[in-house]
Amino acid sequence: MARRSVERHDAQCVLLRFWAFLPPWLTGARHIFDPQGDWIRFSQASLQIETEVVRYKQAWKEYGDPATAPGILAARVEDICAEETGAWAQRLPRPATADTTDVRPDTNG
């Protein structure tokens, strides 16, 4: 009787581990298989930000002055985000524009 209880407990643990493992795996797979996303560019931008944070924490080069270091880090992260946003904006299809050749001037007033 005790053995059956242990086997049932082991099976429940395996099932619980599977369900705990599944969501993070699916989230990661979504980034890899997302046809709309450019996960390589995202990874590069993320790595650039992480690199700047490490340089900030280690007070490398331009981060040497404690008074200006936070502002420099914030500006650098904003630059990285702006570059990434600009790259995404260039990849998006242009919205359809209305044909304005048939528009007649307003004569009512």
Side-chain angles (χ1 to χ4, degrees):
M1 185 73 173
R3 183 179 176 142
R4 179 175 273 176
S5 174
V6 170
E7 289 174 358
R8 184 174 179 192
H9 177 71
D10 289 344
Q12 289 174 341
C13 287
V14 169
L15 187 61
L16 179 63
R17 288 180 182 165
F18 171 75
W19 286 115
F21 170 76
L22 190 61
W25 186 84
L26 290 176
T27 301
R30 178 178 53 113
H31 289 292
I32 294 171
F33 298 110
D34 182 11
Q36 300 283 332
D38 188 350
W39 62 274
I40 294 173
R41 283 197 52 82
F42 171 79
S43 297
Q44 289 172 340
S46 179
L47 183 61
Q48 287 176 340
I49 291 171
E50 289 177 23
T51 301
E52 290 301 318
V53 169
V54 168
R55 293 177 68 193
Y56 170 78
K57 288 180 179 179
Q58 297 297 322
W60 285 6
K61 298 183 183 178
E62 67 267 14
Y63 298 113
D65 182 10
T68 60
I72 293 171
L73 176 63
R76 184 64 188 127
V77 169
E78 287 295 322
D79 290 344
I80 293 168
C81 292
E83 289 172 16
E84 180 64 15
T85 303
W88 278 95
Q90 290 176 356
R91 287 188 54 211
L92 294 174
R94 294 277 185 206
T97 57
D99 185 16
T100 58
T101 57
D102 287 342
V103 176
R104 297 181 188 180
D106 185 16
T107 58
N108 294 332

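The figures that follow rest on heavy atoms only: side chains count, while hydrogens, waters and symmetry mates do not.
Glu52 and Tyr63 share a side-chain donor-acceptor pair at under 3.5 Å.
At distances below 3.5 Å, at least one donor-acceptor pair connects side-chain atoms of Thr51 with backbone N or O atoms of Leu47.
Looking at Val77, Ile80, Asp79, Val53 one by one, the single match for side-chain contact (heavy atoms from CB on, under 4.5 Å) with Gln48 turns out to be Ile80.
Going from atom OG of Ser46 over to atom CZ of Arg41 covers 13.0 Å, rounded to the nearest 0.5 Å.
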